[in-house]
**Q** 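Supplied in structure tokens, the structure appears directly below.
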2 protein chains.
Amino acid sequence: MATIEPRNLKGFRDFLPQAAIRRQNVIASIIKTYERFGFVPLETPALEYADVLMGKYGEEGEKLLYRFRDQGDREVALRYDLTVPLARVVAQYPELSKPFRRYQIAPVWRAENTQKGRFREFTQCDIDIVGTSSMLADAEIAQVMAAALANLGFSNFQIRINNRKLLNGILEAARVPENQWLATLRSLDKWGKIRAKGVEEELSGFLSEKITSAFIALLPKETEDFSSWSERTIEMISATTNGVEGIKELNKVMTSLAGIGMPEGTFQGDVLLARGLDYYTGTIFEAALTDTPEIGSVYGGGRYDKLIGQFIGKDIPAVGTSAGVDRILAAMEELGMGIPRSSTADVLVCMMGEELAAETSKLANELRTAGINTETWYEPDKLDKQLKYADKQGIPFVVLFGSDEKEQGMVTVKDLRTKKQEQTRKDFCIQTIQNLLQKEQ
Amino acid sequence: MATIEPRNLKGFRDFLPQAAIRRQNVIASIIKTYERFGFVPLETPALEYADVLMGKYGEEGEKLLYRFRDQGDREVALRYDLTVPLARVVAQYPELSKPFRRYQIAPVWRAENTQKGRFREFTQCDIDIVGTSSMLADAEIAQVMAAALANLGFSNFQIRINNRKLLNGILEAARVPENQWLATLRSLDKWGKIRAKGVEEELSGFLSEKITSAFIALLPKETEDFSSWSERTIEMISATTNGVEGIKELNKVMTSLAGIGMPEGTFQGDVLLARGLDYYTGTIFEAALTDTPEIGSVYGGGRYDKLIGQFIGKDIPAVGTSAGVDRILAAMEELGMGIPRSSTADVLVCMMGEELAAETSKLANELRTAGINTETWYEPDKLDKQLKYADKQGIPFVVLFGSDEKEQGMVTVKDLRTKKQEQTRKDFCIQTIQNLLQKEQ
């Protein structure tokens, strides 16, 4: 028989148990934080009508959509993010109470260039607050990012905050033509990599020399605090409607975070932060881990007050953020954080003879009823093989119940890491293991 | 601006918060049971090379695959189940320890006829044991099904068990041509709906009259226990190699379940159970809830010793089962079980004035630090609006901290269900709410 080569599509990954356990732990921690702030779960389909997703991500983004015609000849696409599906849901169910504060943790699909180390299927962890323009909501999103990272065990991170209106004020003050605003911001977004010189070079490709230098002149010299801008810049931005609003909003978010008591170094205004997506209209955020700068931002988001209006013709304000599980896991690995066992079981009850199978299974069930995660062995293999398996899986304890033990009403409990073993009365087996597990913690 | 109609694809669903919370609770309970038996998680991609999935589900199944060409002109398909991806993984990573006992809980996609009330995206909860032919593994799968249903709170369910080899023995004894075996089994699978008469009618469409009656004559009269078969039937089946092995295997599973102490009525041999999928080779199972018979089976599975061999040319035995979350939820709804709040928050801290926003947020953070899920309000709206929101969301408690309270160093805690409220010192707020929440449980 011809066989089929078992293989993955490029950019798609299997998570074998140890990796899957790590991912589950990270996601469980993030969910706990989101629920601590009262966010509620939402689930949306993987497939959407293509027109629901089109026109939201910019030309470059749109090319990455997995689009096809289904059996009913409908044009469909796999979701590209969780924000546009949320906007669709809010438009579709006007009965949802506002503010609608939802989280969604789910895979998204983008036909990215895998040579850049990008994946085509990856998991996003989103929170959004829909139905309020209050900057307290923007501040809360920043606060949840900080809490999620802290609860994951990261002690050093920084949230950079900017505002698209403020950036629009700069664009206006520098007289950048409005149809070049998004392109200019996309260049500015690369500042971290290509610095002022690179941005200037890119801009001079589509802006006049005069406008390019006017724009660059309005930016802070390097990544400086928002408050350290030159008075002249603030003055010029303040002459634009966009700029006035942007400064006011950014100030409000920063003041609110300080008022709540967010530690100083953890958040910072940063006018060089632009973010690539088209749909942002106000506050924008990014969070990065200061101990692993090369990993880039682990959270990104912002306010998008016009997106839901694309479905119902009436704007509903919204703000949110999205964490990338892969980057968080990469950082944890680099920092040696939270490496779990590759097993969910605490105990393997070995099989010491087929005639003892029923009693072995019963013993295992007693352990399970007592809340101890327990595996059994199915075949009368040599004990050595069973112990090797348990060791390789990272199962800490094995229980031996052979004919000798049976005769004496005893079991042997062995700790595979210390190689110590003890005999105990069969009816004390649960307690013995519970004691050993408690010592673990 | 032209708007885009917000809508779902037919057969695809949004789960709004209350429904999503219910689903999460069910899935969390199932995971807990699976881990109690030491199963470990595996995650595989939504998209696979189409040839990995083809030739596994029968002609009818294959038509339901969502197939398309991706940007790299690869023929790809959304996964149809979690079993074939598992078989691929086992073939692809020979380093995985055996027995490999994994669970996977994830959506699958099938372009089903939605008029039959079927969904095109639905979540499966699978466990499988790969790498052992021992019938103890088959018995364990049945045991985990029973434990999962019991832990979800179902008290009445029945697991029906059969064996494809035994069925093959019947087919052989009735002299059904081997190329009609699968078709015959697919008809037999409908016994529950169309009864003996219907099956006979279907069979006579492609089998001779003589063979049809020989086959029907070998079946028990109605759904009878395996052990109650006529001696003549057993004798005839026992004259075939398939039948001998099938009877032996089924006996072993039944004896083992009895030996472990599975309560009698919860499992039953049932020779009329056939299951539609092509890849089963031995034991097959189905579990149904006896209080909601119209919902059909909530678990289905079996042994598939030849599937992994399709990838590597060398057979690796495997057995497993899959739960349908939708049917479990439908049954719970019908039986009035486990209806959760539509909120994750325990408390809403109201906003009693914009000047108190920072202090309100700080108070909310103190509650969160104490492990209490807490929302805040973002705008200085009328209290009535805030209370209505909390009530509609099912948030049990609100905390009021207005200028009066501030002056006195107090807060007001109100239970929205009893309408009772009490004043307490601000620094006792956490304890007051913890006490109220404890009373809840």
Side-chain angles (χ1 to χ4, degrees), chain A residues 3-4 6 8-9 12 14-17 20-21 24 35-36 38 40-47 49 51-52 66 68 70-71 76 88-89 91-93 97 99 107 111 121 132 134 136-137 259-261 310-313 343-345 357-358 361-362 365 368 373-375 378-379 389 392-393, chain B residues 3-4 6 8-9 12 14-17 20-21 24 35-36 38 40-47 49 51-52 66 68 70-71 76 88-89 91-93 97 99 107 111 121 132 134 136-137 259-261 310-313 343-345 357-358 361-362 365 368 373-375 378-379 389 392-393:
Chain A
T3 60
I4 292 146
N8 292 89
L9 287 161
F12 288 80
D14 294 314
F15 297 102
L16 300 187
I21 291 173
Q24 284 190 4
E35 295 195 343
R36 192 65 88 223
V40 288
L42 171 73
E43 295 179 34
T44 66
L47 272 184
Y49 273 104
D51 66 2
V52 163
Y66 280 97
F68 61 99
D70 74 359
Q71 278 86 334
V76 300
R88 182 200 34 86
V89 162
Q92 194 170 332
Y93 308 91
S97 305
E121 177 180 61
T132 176
S134 166
L136 291 182
I260 297 163
Q310 292 190 30
F311 292 102
I312 42 169
S343 165
T344 56
S361 290
K362 268 192 192 168
N365 274 341
R368 288 173 190 137
N373 291 356
T374 305
E375 278 188 40
Y378 309 114
E379 288 173 275
Y389 164 87
K392 192 175 164 202
Q393 292 301 101
Chain B
T3 61
I4 293 146
N8 291 89
L9 287 161
F12 288 80
D14 295 313
F15 296 102
L16 300 187
I21 291 173
Q24 284 192 2
E35 295 195 342
R36 191 66 86 225
V40 288
L42 171 72
E43 295 179 35
T44 65
L47 273 183
Y49 273 104
D51 67 2
V52 163
Y66 280 97
F68 62 98
D70 74 0
Q71 277 87 332
V76 301
R88 179 193 47 78
V89 162
Q92 193 170 332
Y93 308 91
S97 305
E121 176 180 62
T132 176
S134 166
L136 292 182
I260 297 163
Q310 293 190 30
F311 292 102
I312 41 170
S343 165
T344 56
S361 289
K362 269 194 192 167
N365 275 341
R368 288 173 188 137
N373 291 357
T374 305
E375 277 187 41
Y378 309 113
E379 287 170 276
Y389 164 88
K392 193 174 164 203
Q393 293 302 102

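Numbers restart at 1 for each chain; the letters A, B, ... are given by sequence-line order, proteins then strands.
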**Q** Shorter than 4.5 Å, heavy atoms on both sides: which option in B:S343, B:A46, B:A111, B:P99 has the most such pairs with chain A?
**A**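 Top option by heavy-atom pairs under 4.5 Å: B:P99.
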**Q** Atom CG of A:N8 and atom CD of B:Q92: how far apart are they, to the nearest 0.5 Å?
**A**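 Rounded to the nearest 0.5 Å, the CG-CD separation comes out at 4.5 Å.
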**Q** My understanding is that only one of B:N365, B:T374, B:N373, B:T344 makes a side-chain contact (heavy atoms from CB on, under 4.5 Å) with A:R36; could you say which?
**A**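 Option passing the side-chain contact (heavy atoms from CB on, under 4.5 Å) with A:R36: B:N373.
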**Q** Taking the side chain as everything from C-beta on, heavy atoms only, tell me whether B:Y93 gets closer than 4.5 Å to A:D14.
**A**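 A side-chain contact exists here, since the closest heavy-atom pair is under 4.5 Å.
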**Q** Taking side chain as everything from C-beta outward and backbone as N, CA, C, O, which of these in A:Q393 sits under 4.5 Å from a heavy atom of chain B? Side chain, backbone, both or neither.
**A**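 Looking at A:Q393, just its side chain touches chain B.
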**Q** Going from CD on A:E43 to CD1 on B:I21, what distance comes out if it is rounded to the nearest 0.5 angstrom?
**A**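 Interatomic distance, A:E43 CD to B:I21 CD1, rounded to 0.5 Å: 10.5 Å.
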**Q** Relative to chain A, which segment of B:Y389 carries a heavy atom at a distance below 4.5 Å: side chain, backbone, both, or neither?
**A**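 Looking at B:Y389, just its side chain touches chain A.
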**Q** Identify which of B:Y49, B:F68, B:Y66 forms the greatest number of heavy-atom pairs closer than 4.5 Å to chain A.
**A**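 Winner by heavy-atom pair count: B:Y49.
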**Q** Apply side-chain contact (heavy atoms from CB on, under 4.5 Å) to the pair B:L16 and A:V40, showing each step before the final yes or no.
**A** CA-CA 9 Å; B:L16 300 187; A:V40 288; over 6 Å; no
**Q** Can you tell me how far apart CZ (A:F12) and CG (B:L47) are? Round to the nearest 0.5 Å.
**A**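 That separation rounds to 4.5 Å.
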**Q** Can you name the closest pair of heavy atoms from B:T132 and A:Y378 and give their distance?
**A**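 For B:T132 and A:Y378, the tightest heavy-atom pair comes out as CG2-CD1, 3.6 Å.
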**Q** Need one label for B:Q71: side chain, backbone, both or neither, based on atoms under 4.5 Å from any heavy atom in chain A.
**A**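 For B:Q71, the contact with chain A is made by the side chain alone.
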**Q** Side chain, backbone, both or neither: which part of B:P41 has a heavy atom under 4.5 Å from chain A?
**A**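 The answer is both parts of B:P41.
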**Q** If you count heavy-atom pairs under 4.5 Å between each of A:A345, A:A20, A:A358 and chain B, which one has the most?
**A**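 Top count of heavy-atom pairs under 4.5 Å with chain B: A:A20.
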**Q** Which region of B:D51, side chain (C-beta onward) or backbone (N, CA, C, O), has a non-hydrogen atom less than 4.5 Å from a non-hydrogen atom of chain A, or is it both or neither?
**A**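 Contact with chain A is through both the backbone and side chain of B:D51.
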**Q** Quick check for you: among B:A137, B:P17, B:P45, B:S134, which has the greatest number of heavy-atom pairs under 4.5 Å with chain A?
**A**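 Greatest number of close heavy-atom pairs with chain A: B:P45.
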**Q** Which residue out of A:Q24, A:K392, A:E375, A:R368 racks up the most heavy-atom pairs below 4.5 Å with chain B?
**A**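 The residue among A:Q24, A:K392, A:E375, A:R368 with the greatest pair count is A:R368.
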**Q** Could you give the distance from NZ (B:K362) to CD1 (A:I260), rounded to the nearest 0.5 Å?
**A**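 It comes to 9.5 Å.
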**Q** Measuring from atom CD1 of B:I312 to atom OG1 of A:T3, what distance do you get when rounded to the nearest 0.5 angstrom?
**A**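 With rounding to 0.5 Å, CD1 (B:I312) is 9.0 Å from OG1 (A:T3).
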**Q** By a 4.5 Å heavy-atom criterion (distance strictly below it), what part of B:V52 contacts chain A: side chain, backbone, both, or neither?
**A**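 Looking at B:V52, backbone and side chain both touch chain A.
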